[in-house]
Protein chains: 2
Amino acid sequence: MATIYDVAKAAGVSPKTVSRVMNGDAPVNEKTRAAVETAMAQLNYVPSSAARTMRSQRSGLIGMITGAISAVHEFEDAGLPEIYLVQGAQRVFAQANRTLLIADSGGRADRIPALLQTFREHRVEGVLYVADYHQQVSLPQSLRDGRIVLANCFDAEDTPCVLPDDEGGQFALVDGLIRRGHRRIAYLTLPEHYAACALRVSGYRRAHAENGVEIDERLIQVGALPSPTHEFDLLWDALDRVLRAEPTVICCANDKMAMRVYGLLRERGLAIPREMSVAGYDDYRTIAEHLHPGLTSAQLPYAAMGARAADKLLRLITGTQRPAEANRELVSGPVAWRDSVQSRDFNITQLSTRRKET
Amino acid sequence: MATIYDVAKAAGVSPKTVSRVMNGDAPVNEKTRAAVETAMAQLNYVPSSAARTMRSQRSGLIGMITGAISAVHEFEDAGLPEIYLVQGAQRVFAQANRTLLIADSGGRADRIPALLQTFREHRVEGVLYVADYHQQVSLPQSLRDGRIVLANCFDAEDTPCVLPDDEGGQFALVDGLIRRGHRRIAYLTLPEHYAACALRVSGYRRAHAENGVEIDERLIQVGALPSPTHEFDLLWDALDRVLRAEPTVICCANDKMAMRVYGLLRERGLAIPREMSVAGYDDYRTIAEHLHPGLTSAQLPYAAMGARAADKLLRLITGTQRPAEANRELVSGPVAWRDSVQSRDFNITQLSTRRKET
DNA sequence: CGATGTCATGATATCGGTGTCATTAACAAT
DNA sequence: ATTGTTAATGACACCGATATCATGACATCG
């Protein structure tokens with residue numbers, strides 16, 4: 001493999017001049033530059049990032065810790081969409097000339113020290129810590145002393161983080177339902193210990209409050225267990241309870257639950273959306289687009305979160321973080337309206353409202 | 001950041017001895033080793049992989065090119081499961097003390113040269129090229145001159161690759177259906193230009209042949225288009241046609257199609273599995289497990305493929321590839337039997353056969 | 001007992017770049 | 001004419017490891 005010395009010799013200049021051609025840190029004569037570039041091309045020269053890192057003390061590497069890649073959760077296969085988050089981050093980093101080192105915790109926290117060791121050996125300039133669902137985490141001390149940004153999670157120490165706007169997402173969804181004429185909106189929630197649960201319920205409530213619609217508390221039921229062992233039984237019962245409150249639409253905690261609700265409603269002979277509208281959360285396209293009818297769902301903006309988190313980390317690294325900036329950033333996503341929601345009781349006013357919305 | 005010299009000084013030995021403690025390439029006195037290790041711990045020493053790479057000419061890095069991470073296919077969101085492939089590979093590499101550099105082509109082939117440049121700068125020891133579905137690819141020359149293994153794809157130059165055993169998977173599924181008493185087995189296939197299509201159809205045929213069951217050709221229909229624009233119409237018509245041939249079970253090209261078939265069958269008032277059994281392909285658990293009833297599906301063994309591909313690449317790198325070994329390796333997955341398939345016409349013989357199978 | 005081998009360790013060069021400083025020429029400003 | 005400034009380039013040290021070779025202390029062997 002050709003080195004900078006080979007190139008220098010071939011071009012009849014000093015190695016330092018070759019370096020200057022590559023880095024543009026000092027003026028180089030046009031003819032010299034051409035000669036160097038010709039030599040580089042002929043020798044098929046590729047600079048060694050190891051040597052560069054060593055001398056310049058800048059690795060250009062960003063470490064990313066994620067459980068998603070091998071989240072072999074025993075109970076859940078959540079986290080797959082998190083891969084979009086990787087994508088969003090990767091794009092931003094590539095533009096900033098950084099390379100991503102991805103380490104996979106395999107969902108096991110005890111592996112993190114080893115991954116971190118690898119990161120340190122590679123002298124990563126920062127770490128992006130990605131959780132597979134919105135949750136609180138507590139970082140090992142070793143992680144906290146470097147530059148780090150959390151994505152899809154937060155901690156008690158106010159470490160910089162980027163989170164989905166669950167409150168706003170559920171608000172937008174329910175607000176949209178109300179504008180479409182729904183007044184009795186059932187909500188099958190996540191288990192209550194999930195961070196997203198309380199936020200979304202509060203979005204649900206705010207949408208009702210702001211539109212002056214009262215809530216029948218029987219319409220809100222927990223629809224899922226953390227372990228799926230008796231999930232169907234629970235969902236069946238929860239569905240039973242909300243149906244007794246006679247809703248016109250059922251909001252589900254996520255698209256997977258909505259998929260099950262599709263099956264359960266059909267068993268009861270309720271046609272979607274003619275007799276019952278359904279909405280999900282996540283906008284997990286594999287499900288939402290292929291269900292029949294297409295599932296209306298609030299989007300979890302993973303790609304945008306990844307990009308924002310990457311941005312944030314880059315600013316931390318380059319020290320351009322505006323001091324006014326909050327440590328915690330929320331990212332909102334749109335609602336994908338599909339055929340699983342039917343508009344009800346239209347009148348002129350509501351139609352015009354709806355037009356504004358789009 | 002502490003260097004090997006700092007450690008050497010603190011332990012009262014030469015840097016080379018510290019190096020020996022870390023690498024174990026020469027005997028070190030027990031007392032010396034202890035002193036060095038103490039010094040390393042106290043100084044919080046982490047060796048620099050850049051320096052190591054430079055001197056030893058071995059980077060310990062493996063490059064992975066994948067479109068999955070940002071496969072923003074306009075029409076398909078296939079490829080998400082491919083992330084399991086990354087997982088499988090990562091695990092093997094970690095054990096072999098290699099670190100994965102993941103580059104994301106964003107589904108755009110024109111970006112690959114840039115990614116490759118990054119890989120070369122980091123002196124990767126090999127490249128794993130991962131496709132988002134079983135397909136033929138043609139590698140740029142620049143990729144072909146390094147050590148490379150293809151996963152989930154193959155090329156015309158017989159580059160080493162690891163592929164899913166589509167023929168065997170469909171065979172196992174249909175064979176299992178026949179053992180469960182089904183004789184009229186419909187098959188809604190992939191579009192014909194997909195590599196997997198012909199393979200799976202041939203597995204379907206072999207299962208019939210080996211069991212002495214004749215095939216009513218009307219039972220085989222293309223069930224999907226490469227673009228989803230009129231996918232539902234096509235599927236509707238295809239379903240119509242196979243139903244006229246009176247099947248007892250419908251095999252779908254993949255789980256997404258099966259999900260749509262669930263909806264369509266229910267619209268026709270056919271209960272699954274009582275009046276019609278359904279099977280998928282991929283074992284995309286997010287879908288298969290959460291559909292109601294659970295979807296029987298042949299597994300695409302992504303994790304295993306990733307591991308096998310990683311193994312293969314490591315053998316290429318270390319030169320331990322057995323010469324007898326084929327360049328093309330097939331990986332088989334099991335069939336996940338769930339409630340969407342009902343057994344028919346049992347008799348004692350078949351019951352005992354079934355017991356052996358599990 | 002000298003020759004040879006093994007253990008344990010150190011001295012030194014080197015991997016391939018870049019940071020620092022020096023040098024020269026050309027030209028502008030004083 | 002003197003000084004200062006900028007462009008263009010090179011010499012040299014150095015980043016932090018490891019490869020190579022050398023060395024001294026013992027143990028083993030014929």
Side-chain angles (χ1 to χ4, degrees), chain A residues 1-40 43-61 97 99 117-125, chain B residues 1-40 43-61 97 99 117-125:
Chain A
M1 181 131 267
T3 75
I4 200 171
Y5 296 96
D6 303 327
V7 174
K9 197 177 295 175
V13 300
S14 79
K16 181 69 215 197
T17 297
V18 177
S19 169
R20 280 191 268 258
V21 168
M22 292 191 290
N23 298 285
D25 53 342
V28 174
N29 185 286
E30 211 31 68
K31 273 209 299 216
T32 315
R33 157 172 278 113
V36 169
E37 273 163 358
T38 307
M40 292 201 298
L43 294 171
N44 198 9
Y45 169 69
V46 180
S48 151
S49 76
R52 187 174 275 170
T53 295
M54 207 167 150
R55 182 68 246 238
S56 69
Q57 305 287 49
R58 293 187 51 258
S59 68
L61 292 173
N97 241 314
T99 305
Q117 174 74 7
T118 303
F119 283 174
R120 272 202 265 270
E121 289 183 4
H122 286 276
R123 304 291 191 262
V124 296
E125 299 174 17
Chain B
M1 183 130 262
T3 75
I4 200 171
Y5 296 96
D6 302 327
V7 175
K9 197 179 295 178
V13 300
S14 78
K16 180 66 214 193
T17 298
V18 178
S19 168
R20 279 191 269 256
V21 168
M22 291 190 291
N23 298 285
D25 54 340
V28 174
N29 185 286
E30 208 35 67
K31 273 214 278 209
T32 314
R33 156 172 279 112
V36 168
E37 272 162 358
T38 308
M40 292 202 297
L43 295 172
N44 198 10
Y45 169 70
V46 179
S48 152
S49 75
R52 186 174 279 169
T53 295
M54 205 166 150
R55 184 66 248 237
S56 70
Q57 306 287 48
R58 292 186 51 258
S59 68
L61 292 174
N97 241 313
T99 305
Q117 174 75 7
T118 303
F119 283 173
R120 271 202 266 270
E121 289 183 5
H122 286 277
R123 304 291 191 261
V124 296
E125 299 174 17

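In what follows, chains carry the letters A, B, and so on, assigned in the order in which the sequence lines appear, proteins first and then strands, with residues in each chain numbered from 1.
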Novice: Could you tell me the separation between the OH atom of A/Tyr45 and the P atom of C/dG16, rounded to a whole number of Å?
Specialist: 10 Å

Novice: Could you report the tightest heavy-atom contact between B/Ala51 and A/Met54, atom names first, then the distance?
Specialist: CA-SD, 3.6 Å

Novice: Quick check for you: among C/dG19, D/dT18, C/dG16, whose closest atom lies nearest to any side-chain atom of A/Ser56?
Specialist: C/dG19

Novice: Would you name the heavy atoms of A/Ala2 and A/Leu43 that are closest together and state the gap between them?
Specialist: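 Looking at all heavy atoms of both residues, the shortest contact is CB-O, 3.7 Å.
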
Novice: Does B/Asn23 make a side-chain N or O approach to OP1 or OP2 of D/dT18 shorter than 4.0 Å?
Specialist: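 It does, given that an N or O in the side chain of B/Asn23 lies less than 4.0 Å from OP1 or OP2 of D/dT18.
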
Novice: Determine whether a donor-acceptor pair (one donor, one acceptor, N or O, separation below 3.5 Å) exists between the side chain of A/Arg20 and the base of D/dG10.
Specialist: yes

Novice: Nearest whole Å is fine: how far is D/dT9 P from A/Lys31 NZ?
Specialist: 11 Å

Novice: Any side-chain heavy atom of A/Glu121 within less than 4.5 Å of one from B/Thr99?
Specialist: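 The answer is no; the side chains never approach within 4.5 Å.
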
Novice: Identify the residue among A/Arg123, A/His122, A/Arg120 that makes a side chain to side chain donor-acceptor pair (under 3.5 Å) with B/Ser49.
Specialist: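 Option passing the side chain to side chain donor-acceptor pair (under 3.5 Å) with B/Ser49: A/His122.
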
Novice: Answer with yes or no whether A/Lys16 presents, from its side chain, a donor or acceptor under 3.5 Å of a partner atom in the base of C/dG17.
Specialist: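 In this structure, the two groups form no donor-acceptor pair.
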
Novice: Measure CZ/B/Arg52 against C1'/C/dT14 and give the value in whole Å, please.
Specialist: 17 Å

Novice: Just to confirm, is there a sub-4.0 Å distance from OP1 or OP2 of D/dG16 to any side-chain nitrogen or oxygen of B/Ser48?
Specialist: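 No, outside the criterion.
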
Novice: Counting just side-chain N and O atoms, does A/Thr3 come under 4.0 Å of either OP1 or OP2 of C/dC15?
Specialist: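 It does not, given that no N or O in the side chain of A/Thr3 lies less than 4.0 Å from OP1 or OP2 of C/dC15.
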
Novice: Mapping B/Pro27 and B/Ala51 to their closest nucleotides on DNA chain C, which lands nearer the 5' end?
Specialist: B/Pro27

Novice: Indicate whether OP1 or OP2 belonging to C/dG19 is found under 4.0 Å from a side-chain N or O atom of A/Gln57.
Specialist: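 Checking A/Gln57 against C/dG19: no side-chain N or O falls below 4.0 Å of OP1 or OP2.
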
Novice: Choose from D/dT9, D/dA19, C/dT9 the nucleotide whose nearest atom is closest to any side-chain atom of B/Thr17.
Specialist: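 From the listed options, C/dT9 comes nearest.
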
Novice: So, B/Glu125 side chain and B/Ser59 main chain: donor-acceptor pair closer than 3.5 Å or not?
Specialist: yes

Novice: Take the protein atom CZ of A/Arg123 and the nucleotide atom P of D/dG16, then report the distance between them rounded to whole Å.
Specialist: 8 Å

Novice: In whole angstrom, give the distance that lies between atom CG of B/Asp25 and atom P of D/dT20.
Specialist: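 It works out to 11 Å between those atoms.
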
Novice: Could you state the NE2-P distance from B/His122 to C/dG16, rounded to the nearest angstrom?
Specialist: 17 Å

Novice: Nearest to the side chain of B/Met22, heavy atoms from C-beta on, is which of D/dT9, C/dG17, D/dT18?
Specialist: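 Of the options given, the side chain of B/Met22 lies nearest D/dT18.
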
Novice: Does D/dT18 have OP1 or OP2 under 4.0 Å away from a side-chain N or O of B/Ser19?
Specialist: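 For D/dT18, OP1/OP2 do have a side-chain N/O of B/Ser19 under 4.0 Å.
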
Novice: Can you measure A/Asn29 atom CG to D/dT6 atom C1' for me and round it to whole angstrom units?
Specialist: 14 Å

Novice: Rounded to the nearest 0.5 Å, what separation is found between the CG atom of B/Asp6 and the CE atom of B/Met1?
Specialist: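 Separation between the atoms: 10.5 Å.
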
Novice: Can you tell me the distance, in whole Å, between the CZ atom of A/Arg33 and the C1' atom of D/dT9?
Specialist: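 From A/Arg33 CZ to D/dT9 C1': 13 Å.
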
Novice: Please state whether the phosphate of D/dC14, meaning OP1 or OP2, lies under 4.0 angstrom from any side-chain nitrogen or oxygen of B/Tyr5.
Specialist: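 It does not, given that no N or O in the side chain of B/Tyr5 lies less than 4.0 Å from OP1 or OP2 of D/dC14.
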
Novice: Using a 4.0 Å heavy-atom cut-off, does A/Val13 contact any base of the nucleic acid, only the sugar-phosphate backbone, or nothing at all?
Specialist: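 Counting heavy atoms under 4.0 Å across all strands, the contact made by A/Val13 is with sugar-phosphate only.
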
Novice: With a 4.0 Å cutoff (strictly under), does any side-chain N or O of B/Thr32 reach OP1 or OP2 of C/dT9?
Specialist: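 Looking at the OP1 and OP2 atoms of C/dT9, one of them is under 4.0 Å from a side-chain N or O of B/Thr32.
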
Novice: Do the side chain of B/Arg55 and the base of C/dT14 come within less than 3.5 angstrom through a donor-acceptor pair of N or O atoms?
Specialist: yes

